[in-house]
2 protein chains.
Amino acid sequence: MRRMTARPENTHQARLLRLLRDNGSNSRAQLGDLVDLSRSKLAVEVDRLLETGLVVADGLAPSRGGRRSHNIRLAPTLRFLGVDIGATSIDVAVTNAELEVLGHLNHPMDVREGPVAVFEQVLSMAAKLRASGLAEGFDGAGIGVPGPVRFPEGVPVAPPIMPGWDGFPVREALSQELGCPVMVDNDVNLMAMGEQHAGVARSVGDFLCVKIGTGIGCGIVVGGEVYRGTTGSAGDIGHIQVEPEGRACACGNRGCLEAHFSGAALARDAEQAAREGRSAYLAARLETAERLTAESVSAAAAAGDPVALELIREGGKRLGQVIAGLVSFFNPGLVVIGGGVTGLGHTLLASVRTQVYRQSLPLATGNLPIVLGELGPAAGAIGAARLISDHVFSPA
Amino acid sequence: MRRMTARPENTHQARLLRLLRDNGSNSRAQLGDLVDLSRSKLAVEVDRLLETGLVVADGLAPSRGGRRSHNIRLAPTLRFLGVDIGATSIDVAVTNAELEVLGHLNHPMDVREGPVAVFEQVLSMAAKLRASGLAEGFDGAGIGVPGPVRFPEGVPVAPPIMPGWDGFPVREALSQELGCPVMVDNDVNLMAMGEQHAGVARSVGDFLCVKIGTGIGCGIVVGGEVYRGTTGSAGDIGHIQVEPEGRACACGNRGCLEAHFSGAALARDAEQAAREGRSAYLAARLETAERLTAESVSAAAAAGDPVALELIREGGKRLGQVIAGLVSFFNPGLVVIGGGVTGLGHTLLASVRTQVYRQSLPLATGNLPIVLGELGPAAGAIGAARLISDHVFSPA
DNA sequence: CCTTCTTTCTCCACACACAGGACAAAGTCT
DNA sequence: AGACTTTGTCCTGTGTGTGGAGAAAGAAGG
């Protein structure tokens, strides 16, 4: 079970590994140009990496007018596990060293069932993926949880929506079970890393990634690095006030963003509209289902239901209010919107954009794209794999 | 006039220079411990710095039980110029290499008179300081302007309160005139750097520095470095909405923070209260002066005028609303409040604190000090000196 | 006054990292 | 077959940095 993955011996090797991860296979010559090292020095480091087995040379590339080059690539047997624990479901993915998703499982589950039950589920999903032949073992695992994390220790702290997890040694426990290095982070941060690695945020240094799920959170990337704040709670925008005397929120205050717009708030509003007979479509859905969800609203909007559309527009306006403030403050180069309710899609986006462009300073919005995430439900798991690969591909 | 200041040849020398700047004089042995270099290597670098004249060895330190050490310190003739251009006044300071203020001048002037007039004033103030024997020439100058700056080029961009400065090559022009390296930044960022170097924010990695002057801005420090955003407008929080259908703002929107609370808004409110006869104190002040200012309100509050106190409390509440949102989002380790109206002092602070502690998440506010800046009007100039010293003390 | 112990600073030999050129290998193109 | 290209290896020179052996300068104690 335990698998001793080699680690790079120095920063050069670490850089090479990350380069191979992000750009795929390469010849020695190309690598030399990219890292700005002499061919001789580079050859030495590559040879050492070959010895440790972290990279392999498989076959020759077609000639480009001279001697054919060897393909240097990361060991094809390397496997990372990406785990994204949401409020109501768990995503687990297996990736290769290039962070391509080889297999992906999703399982509905409430985080509030506590760390023990959730862990059991995660491990069984990991085992299933392994049993299907996708991996013999894992060289690292990243895991995201829906709440603030003390990052260096990998421990959730005072998570509002997941009581019972407070102080649970997630990193320690998972590392023990899987026999490999583990890193823990907030799910929103991982989504940001996912979009940065393989999604819309490639090549953007400073950006925000707003995730709308049961609650609302925001990943902050500064200079290519996730910013986590002093106590790990940065990006917790769900309880920013949008209406001085607005709706009562579970947190005890009034007018919080989450009270006015989030997956949960949207479902509540939809149910109310259905009961009050304002929307025939939603009322019909409520007949068949026990409860309405954000997805119900998506479906209704897609079917052209005016009440659903209005709910989304109104929500987008609220969200836009907050994002407008953040854009003025943070002046990002990109705003990504993602999470479970991306089904709300362009209606939501249009509403947010209108609000932001109207309310933020021209200098900050001048060249500011506001877009939907392009990785969908896999974003978190990919980000998790990215997180642990950054760790594994750094000097021991 | 032109003064060729030597520059460090490598990062070791740069680190040594900054260490000497921040910690004052030191022996070679102490330096060796601090930089984690062998004594031999260190001796070489120090000798080279001595040759270039950037540092000097003056005298022997008292023995600590063995051979007495040489005092290594930055050249006592080094001089930095710190310039802080506010909306309505100019501050100019001369510092030594340790960034201690040797002389300081202040002159009221409206930025809107344009770059040419302001420059003339700045140069004459610098000349006056030099004439008084504080400096023979300058080894670098930092300058802050009240608006967004394209930092790498040192050029203001689309500054709302200082039209006429847009695109003016501040860095280029000042460097030409003074014959030394120049760096330009937003005044708020400089205040943050000042408080970080010599004020309340020493040893805090991530913090916010809110400056209340004619407008309102916020310096953002991430991992000890000022964050400027994609287009240099980060921290521009004056136009975040605090009241959906609030007061009309000069920017064209409604309910902006600056419309409800800032030096200018405060003065306006005070005048109105005076005219409506709600405050005898303020009315009396309006008799003698042409117009009321934020300082008038400070004085009234100090004298116990209830209307002034209420204005400040109300303003603090507005400011607190915005800061509460920023604290949730950014999760800083400290919030500093400064600027011209620090005279409002603890009344304002109390009001802000109440609002923030009530409205932000406990995890973010748990151990969050909210304090007044301790450098007063010199903060900007010190920050400016710090900015340019960081530049001069880095490899060419 | 002399000895011993400390601290500071200097000098020197050695290890290591890295660059850059020469050269061999393996191609393509004419 | 010969000229030219690209890739990869080998070797040597150079500059960076470490660590140890002292020398210098002083304190404390007998």
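First the proteins, then the strands, lettered A, B, ... as listed; each starts at 1.
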**Report entry** Spacing of B/Asn23 atom CG and B/Leu34 atom CG [to the nearest 0.5 Å]
**Finding:**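 Taking CG in B/Asn23 and CG in B/Leu34, the distance rounds to 6.5 Å.
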Requested in this report: Working to the nearest 0.5 Å, report the span between CD of A/Gln13 and OG of A/Ser394.
Outcome: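 Reported value, rounded in 0.5 Å steps: 12.0 Å.
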Requested in this report: Determine, for B/Phe393 and B/Arg18, whether the Lys NZ or Arg CZ falls below 6.0 Å from the six-membered ring centre while staying within 45 degrees of the axis.
Outcome: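 Verdict for B/Phe393: no cation-pi partner in B/Arg18.
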Requested in this report: Taking the six-membered ring of B/Phe138 (Phe, Tyr or Trp), confirm whether the NZ or CZ of B/Arg79 is under 6.0 Å from its centre and within 45° of its axis.
Outcome: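 Checked: cation-pi criterion not met.
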Report task. Tell me which residues in residues 19-32 of chain A put a heavy atom below 4.0 Å from DNA chain D, sorted by number, or none. Result ->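 Residues of residues 19-32 of chain A under 4.0 Å from DNA chain D: A/Arg28, A/Ala29.
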Query raised in the report: Quick one, which residues of residues 38-51 of chain B touch DNA chain D with a heavy atom under 4.0 Å?
Result: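 Listed by number, they are B/Ser38, B/Ser40, B/Lys41.
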Query raised in the report: Mind checking whether B/Tyr227 and A/Phe330 have ring centres under 6.0 Å apart?
Result: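 Judged by ring-centre distance (under 6.0 Å), B/Tyr227 and A/Phe330 do meet the cut-off.
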Could you tell me whether [X] and [Y] have a side-chain N and a carboxylate O separated by less than 4.0 Å?
X: B/Glu153; Y: B/Arg171; result: no
X: A/Asp47; Y: A/Arg28; result: yes
X: A/Arg202; Y: A/Asp22; result: no

Report task. Flag yes if more than 12 heavy atoms outside B/Glu374 fall under 6.0 Å of its CD atom; otherwise flag no. Result ->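 It does: B/Glu374 CD has more than 12 such atoms within range.
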Query raised in the report: Within a radius of less than 6.0 Å around CG of B/Asn10, do more than 12 heavy atoms belonging to other residues, nucleotides or ligands occur?
Result: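 Counting other residues, nucleotides and ligands, CG of B/Asn10 exceeds 12 neighbours.
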Requested in this report: Please check the phosphate of C/dC18 (OP1 and OP2 only) for any side-chain N or O of A/His12 closer than 4.0 Å.
Outcome: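 Checking C/dC18 against A/His12, a side-chain N or O does come within under 4.0 Å of OP1 or OP2.
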Query raised in the report: B/Arg64 has an atom CZ; how far is it from atom C1' of C/dT7, in whole Å?
Result: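 After rounding, the reported distance stands at 8 Å.
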**Report entry** Rounded distance (Å) that lies between atom C1' of C/dC5 and atom CZ of B/Arg67
**Finding:**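 Spelled out: CZ on B/Arg67 to C1' on C/dC5 is 16 Å.
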Query - Residue whose closest nucleotide on DNA chain C lies nearer the 5' end, A/Leu37 versus B/Asn71 - result: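 That would be B/Asn71.
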Query raised in the report: Under 3.5 Å, is there a donor-acceptor pair linking the side chains of A/Thr230 and B/Asn331?
Result: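 On atom types as modelled, these side chains do not qualify, holding no pair under 3.5 Å.
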Query raised in the report: Where each residue is assigned the nucleotide of DNA chain D containing its nearest heavy atom, which of A/Gly65 and B/Arg68 is assigned the position nearer the 5′ end?
Result: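 With A/Gly65 and B/Arg68 compared, the 5'-side residue is A/Gly65.
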Query raised in the report: Under a criterion of less than 4.0 angstrom to any heavy atom of chain A, what are the 5'-terminal and 3'-terminal contacting nucleotides of DNA chain D?
Result: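 Extent of the interface on DNA chain D: D/dT5 to D/dC11.
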